[in-house]
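Per chain, numbering begins at 1; letters A, B, ... match sequence-line order.
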Amino acid sequence: MYNVVDDVRCEIRSAIIVGLKRGGILPIPGDLPGIDIPVEYTRERAHGDFATPIALMLAGKVKRKPRDIAEAIADNMEIAKGKTRYIQRVEVAGPGFINFFLDRKWLEDVLRVVISAGPQYGRSGVGCGKRIQLEFVSANPTGPMNIVNARAAAVGASLANILKASGHDVSTEYYVNDAGNQINVLGTSVELRYLELKGEDVTFPEWGYQGSYIVDIARLAMDKYDKKLKAMAAEERTRFFCDFALTQMLADQKASLSRFGVEFDVWFSERKLVEGGAVSRVIELLKQRGMVYDEDGASWLRTTEFGDEKDRVLVKSDGDYTYLAGDIAYHKNKLERGFELLINIWGPDHHGHVVPTRAGLQALGYPGGSLEVLLLQFLSLMSEGERVKMSKRAGEFITMDDLIDEVGSDAARYFLLMRNIESHLEFDLSLAKEHSQANPVYYIQYAHARISSIFRQAEERNMNLDDLDELDLSNLTEDAELDIMRKLASYPDEVVISAFERAPNRLAGYALDLAGLFHSLYNSHRVIGEDSDLTMARLALSRAVQTVLANVLGLLGISAPHEM
RNA sequence: GCGCCCGUAGCUCAGUGGAUUAGAGCGGUUGACUACGAAUCAACAGGCCGCAGGUUCAAGUCCUGCCGGGCGCGCCA
């Protein structure tokens, strides 16, 4: 829906199929074994609006020269006037491309569709409502959200938006690692800082969490619960600090994410999973399925059955479960909730876990394809041309809150999304802070604000776009205008591709391109001018650009301001 | 050693197997506001797409091997 390019492609494909049949290329009508007909945007206007290399592709199969095939198809398409909505003319070019020249009304239709669809433009149902669970960030609750988490948050949230926009049924989830020894370490760290604050002579251990946030939590506990704490026995007090520190850390993490505009549908507690017996049950199930054996006092999962290079331990010789056992139980739980596809965003340091985790699911009888893991590469921070050093051990990690304070949520989001997921990201703090031409996020937002400003002017002159059908768009003839219309036309495709490739960065680039095209037009032609028909047409074009900018920024989680 | 990711302009990076001419931003040089927002625009300079083979009508894009960088390879999470 709302995709003019789809209509165009459909018409072109039908024409090609007719050409193939009547041109005698394929002996059996409609028989296109293993070939779907590609219809591509042309890079140069001289090559028409769309082109197909189908003749080149068929040449080998039907043993004829590509140009002959192309001619045969083109001559038999029956695109006589009135029979086709958009196709006006075809030509065979180069080694055997068939170029399609369309009636310009296809671009006018694009504008009308964009304006009437509004926020819906770019949304589609290609995902067929597939139920996808997207898990991301899932940081340990032992420290504040940092800049690596920020990248995961930006990417995950945007990907969720994009998948939804393309018709998937998406649920976002944060796995809270609130089980295991790290919580005890966290609690003890806070407790020791508390005792320090009380003036006791303690030596803070090397294995404790060193960051100043630990002291902050200790101080908070002291301020609120000092009396209670005094009355507690040592063991009770330690338990208190474990609970308190966890609760506090989680609240801080949620608050940071919320400031960043990232919300989750589900916060899933590892502890509840473990305490509910899910881990022991999944191990039992794996045993029943004959996927587990004992050796050296430990229980091993036969992950090598599913492509792993070695089997993995599920239960250690001391009786504890490994993280893998927990992860398998967790992912089984996800699938039991009815999701067809699980997508996890993990750091590159976890890539060794992908195969074992998937193997665990396969050992349970689930298809390997039910788990997809996106490995998000790390990032480095640059400031004033210098690399900002970050050390996790010393607790000197730039936090998500620092980042938002420094550069703002919008700029941070854009910078974190502008690169391919699998690429290392160099984040230039100085540039992100800059409110200037150099900064792509302001460049895009400025285009949107600029259009809002134009409409403020237009309203003062009582001009509006209410009667869309009455508009004469035929006077939009400048190259700059047509380029913009083509760009607008491709937006729905761009969303689908971004979803399919899990590539929010594509949309970041698209937004930049579109903004650039508009800025260029703006500087060479006036929108509001003497000719009222032309003014109205350009207002329509501006409205369409503004709509798509707002839509794409929305998918990226960036605001579309009306003034800056 | 094995596995995954990355090598494209001085820098940071885009580039669904398609067309004599591989794009953008930054940085550099030069221009443009008495008109809708100059947070803008226009122009110029800058490239054996890491190297070598292969598949294909067609390769920056796919395959193989090398070279260079990052990250993994625990009965840690």
Side-chain angles (χ1 to χ4, degrees), chain A residues 38 40-44 46-47 51-53 55-57 59-60 65-66 93-97 99 140 142 177 179-182 270 295-300 309-310 312-324 326-327 347-355 375 377-378 382 385 418-428 431 434-443 445-447 449-458 460-461 493-494 496-497 500-501 503 505-506 508-510 512-513 515-516 518-529 535 538-539 542 563-564:
Chain A
E40 301 164 346
Y41 296 93
T42 54
R43 268 181 51 208
E44 287 178 46
H47 296 150
T52 180
L56 297 165
M57 295 169 68
K65 287 181 184 170
F97 290 98
N99 295 336
N140 284 331
T142 55
N177 300 111
N181 193 47
Q182 52 187 345
E270 176 186 13
E295 197 175 292
D296 301 333
S299 297
W300 299 72
E309 44 193 26
K310 52 179 281 196
R312 308 285 170 173
V313 171
L314 286 178
V315 187
K316 298 188 269 180
S317 50
D318 65 5
D320 284 351
Y321 304 133
T322 59
Y323 73 89
L324 177 62
D327 273 5
D349 51 334
H350 284 68
H351 99 259
H353 303 162
V354 177
V355 170
L375 296 176
Q377 288 295 322
F378 287 140
M382 302 291 284
M418 67 199 283
R419 300 299 173 224
N420 189 309
I421 286 179
E422 295 174 336
S423 295
H424 292 257
L425 170 70
E426 190 153 308
F427 193 120
D428 189 332
L431 179 60
E434 218 173 295
H435 289 212
S436 79
Q437 70 217 25
N439 191 331
V441 68
Y442 291 109
Y443 183 85
Q445 290 181 318
Y446 183 54
R450 200 172 221 183
I451 295 169
S452 296
S453 175
I454 294 170
F455 276 97
R456 284 193 290 271
Q457 298 275 337
E460 281 175 21
R461 299 173 201 203
D493 282 357
E494 207 61 44
V496 170
I497 294 170
F500 183 68
E501 294 184 355
N505 62 297
R506 286 189 66 112
Y510 176 90
L512 194 64
D513 288 347
F518 185 80
H519 283 312
S520 180
L521 174 70
Y522 180 91
N523 274 276
S524 55
H525 299 87
R526 287 187 57 80
V527 173
I528 299 174
T535 295
R538 286 197 174 143
L539 280 174
S542 302
E563 46 190 40
M564 297 179 69

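Here the side chain of A:Glu422 is nearest to one of B:C6, B:C75, B:A39, namely B:C6. Distance from the side chain of A:Asn99 is smallest to B:A19 among B:A19, B:A77, B:A14. Residue A:Lys316 has its side chain nearest to B:C75 when only B:C41, B:A39, B:C75 are considered.
Contact check, A:Arg450 against B:A38: a side-chain N or O comes under 4.0 Å of OP1 or OP2. Dashed line: the shortest gap from a side-chain N or O of A:Tyr323 to OP1 or OP2 of B:A77 is not under 4.0 Å. The phosphate of B:A19 (OP1 or OP2) has a side-chain N or O of A:Arg43 nearer than 4.0 angstrom. The phosphate of B:C36 (OP1 or OP2) has no side-chain N or O of A:Asn523 nearer than 4.0 angstrom.
Contact of A:Asp327 with B:A77 (side chain to base): no donor-acceptor pair of N or O atoms is detected under 3.5 Å. Contact annotation: side chain of A:His351 to base of B:G3, donor-acceptor pair present below 3.5 Å. Contact of A:Ser524 with B:C41 (side chain to base): no donor-acceptor pair of N or O atoms is detected under 3.5 Å.
Nucleotide B:G37: unpaired (no Watson-Crick or G-U wobble partner with both distances less than 3.5 Å). B:C2 is paired with B:G72 under the criterion used here, namely a Watson-Crick or G-U wobble arrangement in which both key atom distances are under 3.5 Å. B:A14 is unpaired under the Watson-Crick or G-U wobble criterion, no partner having all donor-acceptor distances under 3.5 Å.
Contact annotation for A:Asn505: backbone-only contact, meaning every heavy-atom pair under 4.0 Å involves sugar-phosphate atoms and none involves a base.
In this structure, A:Phe378 does not pack face-to-face on the six-membered ring of B:G70, missing the 5.5 Å centre cutoff or the 30° plane limit. Under the stacking definition used here (centres under 5.5 Å, planes under 30°), the residue A:His424 fails to qualify as stacked on the base of B:G70.
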Considering only nitrogen or oxygen atoms on both sides, find all protein atoms under 3.5 Å from nucleotides 42-47 of chain B and state each distance.
unit_1: B:A42; atom_1: OP1; unit_2: A:Ser520; atom_2: OG; d: 3.0

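Under the 30°/60° scheme for interplanar angles, the aromatic rings of A:Tyr522 and A:Phe518 are found to be tilted.
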